[in-house]
Enquirer: 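Here it is: the structure, laid out below.
Quick note: numbers below take in every heavy atom, side chains included, and nothing from hydrogens, waters or symmetry partners. Predicted, not measured: the structure shown is a model, and the values here were computed from it.
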Amino acid sequence: MIGNKILKFEATESTNNFLKINQNSLEHGTIVQSNTQTHGRGRNNHTWMSENGNLYFSILLKEGINRFLIFDNLVKTSVAIIRLLREFNIKGRIKYPNDILVEDKKICGILTESYGSLDIQYLVIGIGININQQDFKSLRNKATSFKIENNKEYLLEEVLDKFINHYNKLESEDYELVFKEYITSSMVVGKKILLDSKQFLIKGIHKNGNLILEHESSIEYRTPNEISFDQLY
Ligand code: BTN
């Protein structure tokens with residue numbers, strides 16, 4: 001269960017960093033939300049621009065985790081976001097491995113970070129959802145928000161509350177079904193990709209998070225880091 005304790009800030013460096021620094025004194029499921037971030041981080045060391053009006057929050061997971069469950073948590077988070085969007089009449093799709101798009105524009109990014117080597121001590125799931133931002137400047141063709149989709153502003157508390165409900169509900173559901181829903185919402189399955197000068201069909205996503213690729217009836221597995229997604233989306 002997440003969200004028993006929610007810490008809210010006007011500004012912080014990065015909600016992921018906050019949890020990382022304070023995890024020792026915080027309980028499993030704690031959420032930290034900040035209205036802005038001075039050093040919001042995305043995947044691959046990208047900066048996550050964090051101006052006022054959007055949701056920036058992170059979840060601390062300390063119980064029932066190990067390194068084989070990192071992808072499961074990304075799956076649950078992604079499905080919770082898809083259901084959240086649906087509640088607001090927005091049709092989202094999952095851009096493997098960690099983005100949620102509406103048509104071809106990004107509305108949400110997820111940054112999962114684990115700490116500890118063999119034994120994972122804790123997991124931080126950082127989520128940025130574009131809510132009330134209207135002008136994405138140079139990213140205008142690549143990003144969207146709840147406001148752009150629905151022509152309406154939303155209270156961040158309301159959206160965060162609904163996300164927490166979706167996530168907690170998912171935790172009591174059969175993971176097999178949740179995983180199926182993840183695959184159904186994925187944009188990557190069925191696409192073709194060029195790798196080592198060979199064309200592969202993306203047959204599916206393995207439960208461990210690797211892509212299942214097919215070339216001339218033989219199957220290969222690749223991690224997201226081995227793939228360049230530029231050709232796909
Ligand atoms: C990505 O798309 O590359 C992932 C973006 C994740 C951004 C969120 S905002 C809240 C949390 N704090 C951070 O510094 N990053 C994540």
Side-chain angles (χ1 to χ4, degrees), residues 2-23 25-26 29-61 74 77-95 97-113 123-168:
I2 62 163
N4 270 340
K5 180 165 186 166
I6 305 177
L7 304 171
K8 295 189 180 186
F9 296 109
E10 203 43 60
T12 186
E13 189 181 282
S14 148
T15 53
N16 271 36
N17 293 0
F18 180 90
L19 285 182
K20 186 175 159 186
I21 294 164
N22 296 290
Q23 61 85 21
S25 57
L26 295 171
T30 299
I31 290 180
V32 57
Q33 185 238 324
S34 185
N35 287 342
T36 58
Q37 299 181 113
T38 52
H39 290 88
R41 295 184 293 108
R43 265 185 94 229
N44 303 326
N45 286 329
H46 286 152
T47 300
W48 185 260
M49 299 303 290
S50 308
E51 63 175 64
N52 246 305
N54 299 323
L55 259 179
Y56 312 110
F57 66 102
S58 303
I59 310 163
L60 176 67
L61 300 179
L74 181 59
T77 305
S78 306
V79 172
I81 300 279
I82 293 292
R83 292 185 186 179
L84 172 77
L85 293 175
R86 198 178 300 134
E87 198 176 341
F88 288 89
N89 286 317
I90 301 172
K91 185 172 172 8
R93 301 196 69 201
I94 301 165
K95 177 183 160 186
N98 70 326
D99 291 344
I100 312 290
L101 306 193
V102 178
E103 303 287 350
D104 55 353
K105 293 184 176 171
K106 184 156 166 172
I107 197 161
C108 168
I110 304 166
L111 178 67
T112 302
E113 297 180 299
L123 197 66
V124 171
I125 304 177
I127 302 168
I129 313 178
N130 300 330
I131 307 289
N132 293 317
Q133 191 167 348
Q134 178 95 49
D135 182 7
F136 286 91
K137 305 179 180 90
S138 61
L139 294 176
R140 81 175 57 84
N141 294 325
K142 293 187 168 171
T144 189
S145 65
F146 278 46
K147 180 162 184 198
I148 292 174
E149 294 304 316
N150 287 350
N151 206 15
K152 198 175 152 201
E153 297 224 342
Y154 292 94
L155 286 175
L156 300 183
E157 292 71 24
E158 179 201 357
V159 184
L160 180 60
D161 249 37
K162 288 188 191 296
F163 170 82
I164 294 169
N165 290 340
H166 282 295
Y167 188 99
N168 284 334

Enquirer: Using the side-chain contact (heavy atoms from CB on, under 4.5 Å) rule, pick out the option among L19, I31, I125, N22 that qualifies with L60.
Expert: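 So, applying the side-chain contact (heavy atoms from CB on, under 4.5 Å) to L60 and each of L19, I31, I125, N22, only L19 qualifies.
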
Enquirer: Hey, what do you get for CD (Q23) to CG (L61), rounding to the nearest 0.5 Å?
Expert: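 Rounded to the nearest 0.5 Å, the CD-CG separation comes out at 12.0 Å.
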
Enquirer: Might you point out which heavy atoms bring I107 and S145 nearest each other, and give the distance in Å?
Expert: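 Nearest heavy atoms, I107 then S145: CD1-C, 3.8 Å.
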
Enquirer: Drop me the distance from N89's CG to E149's CD, to the nearest 0.5 angstrom.
Expert: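 N89 CG to E149 CD: 11.0 Å, rounded to 0.5 Å.
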
Enquirer: Taking N168 for its side chain and I2 for its backbone only, find out whether a donor-acceptor pair lies under 3.5 Å.
Expert: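 Yes: the side chain of N168 pairs with the backbone of I2.
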
Enquirer: Verify, without hydrogens or angle tests, whether S58 (side chain) and N16 (backbone) share a donor-acceptor contact under 3.5 angstrom.
Expert: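 Confirmed, S58 side chain pairs with N16 backbone.
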
Enquirer: Main chain of E10, side chain of T36: is a donor-acceptor contact present, judged purely on distance under 3.5 Å?
Expert: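 Yes.
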
Enquirer: Tell me whether N54 contacts the main-chain N or O of I131 through its side chain, where contact means a donor paired with an acceptor under 3.5 Å.
Expert: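 Checked: pair present.
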
Enquirer: If you count heavy atoms of other groups shown closer than 6.0 angstrom to CG of N151, is the number above 12?
Expert: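 Incorrect, the count does not exceed 12.
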
Enquirer: List the atom of G92, the atom of L85, and the distance in Å for their closest heavy-atom pair.
Expert: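 Result for this residue pair: CA-CD1, 3.8 Å.
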
Enquirer: How many angstroms lie between OG1 in T12 and NE2 in H39, if you round to the nearest 0.5 Å?
Expert: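 NE2 of H39 is found 11.0 Å from OG1 of T12.
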
Enquirer: Could you walk me through whether I6 and I164 pass the side-chain contact (heavy atoms from CB on, under 4.5 Å) check?
Expert: CA-CA 11 Å; I6 305 177; I164 294 169; 3.7 Å; yes

Enquirer: Are the side chain of Y56 and the backbone of V32 linked by a donor-acceptor contact shorter than 3.5 Å?
Expert: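 Absent.
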
Enquirer: Going from CD1 on I100 to CG on N130, what distance comes out if it is rounded to the nearest 0.5 angstrom?
Expert: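 Atom-to-atom, I100:CD1 and N130:CG are 12.0 Å apart.
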
Enquirer: Side chains of N35 and Q33: donor-acceptor distance under 3.5 Å anywhere?
Expert: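 Indeed, the side chains of N35 and Q33 share at least one donor-acceptor pair under 3.5 Å.
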
Enquirer: Is the backbone N or O of G53 less than 3.5 Å from a side-chain atom of Q133, with the two atoms forming a donor-acceptor pair by type?
Expert: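 Not a single qualifying donor-acceptor pair exists.
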
Enquirer: State, yes or no, whether a side-chain contact exists between I129 and F57 at a heavy-atom distance under 4.5 Å.
Expert: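 Of all side-chain heavy-atom pairs linking F57 with I129, at least one is under 4.5 Å.
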
Enquirer: Do you know the tightest heavy-atom contact between N17 and E13?
Expert: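 Scanning both residues completely, I find the closest heavy atoms to be ND2-OE2, 2.7 Å.
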
Enquirer: Are K162 and E87 ion-paired here, with the side-chain N under 4.0 Å from a carboxylate O?
Expert: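 Salt bridge: yes.
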
Enquirer: Kindly determine whether L7 and L26 satisfy side-chain contact (heavy atoms from CB on, under 4.5 Å), including the steps that lead there.
Expert: CA-CA 10 Å; L7 304 171; L26 295 171; 4.1 Å; yes

Enquirer: If I take atom OG1 from residue T77 and atom OH from residue Y167, how far apart are they, to the nearest 0.5 angstrom?
Expert: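 That separation rounds to 4.5 Å.
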
Enquirer: With a cut-off of 6.0 Å (strictly less than), are more than 12 heavy atoms of other residues, nucleotides or ligands near NZ of K147?
Expert: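 Correct, the count exceeds 12.
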
Enquirer: Given side chains that start at C-beta, do those of F18 and Q37 come closer than 4.5 Å, heavy atoms only?
Expert: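 With C-beta onward as the side chain, the pair stays apart.
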
Enquirer: With rounding to the nearest 0.5 Å, note down the distance linking CD1 in I127 to OG1 in T15.
Expert: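 So the CD1 of I127 and the OG1 of T15 are separated by 9.0 Å.
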
Enquirer: Keeping the roles fixed (side chain from D99, backbone from I94), state whether a donor-acceptor pair exists under 3.5 Å.
Expert: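 No: the side chain of D99 does not pair with the backbone of I94.
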
Enquirer: For the backbone of I110 and the side chain of N98, can you confirm whether one donor and one acceptor N or O come within less than 3.5 Å of each other?
Expert: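 Yes; at least one donor-acceptor contact below 3.5 Å.
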
Enquirer: Mind listing the closest non-hydrogen atom pair of F163 and A80 along with its distance?
Expert: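 Smallest heavy-atom distance, with atoms named: CE1-CB, 3.7 Å.
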
Enquirer: I'd like to know if the side chain of S14 reaches the main chain of R41, judged simply by a donor and an acceptor atom lying under 3.5 Å from each other, with no hydrogens or angles considered.
Expert: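 Pair absent, no side-chain N/O of S14 close to backbone of R41.
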
Enquirer: Assess the residue pair T144 and F136 against the criterion (side-chain contact (heavy atoms from CB on, under 4.5 Å)); give the C-alpha distance rounded to whole Å, side-chain angles, the decisive distance to 0.1 Å, and a yes or no.
Expert: CA-CA 8 Å; T144 189; F136 286 91; 5.5 Å; no

Enquirer: Give the minimum heavy-atom separation between G29 and I59, together with the two atoms involved.
Expert: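 Shortest heavy-atom contact: O-CG2, 4.5 Å.
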
Enquirer: Test side-chain contact (heavy atoms from CB on, under 4.5 Å) on R140 and D135 and set out the steps.
Expert: CA-CA 7 Å; R140 81 175 57 84; D135 182 7; 4.3 Å; yes

Enquirer: Where is the tightest heavy-atom contact between G40 and S50, given as atom of each residue plus distance?
Expert: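 Smallest heavy-atom distance, with atoms named: CA-OG, 4.0 Å.
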
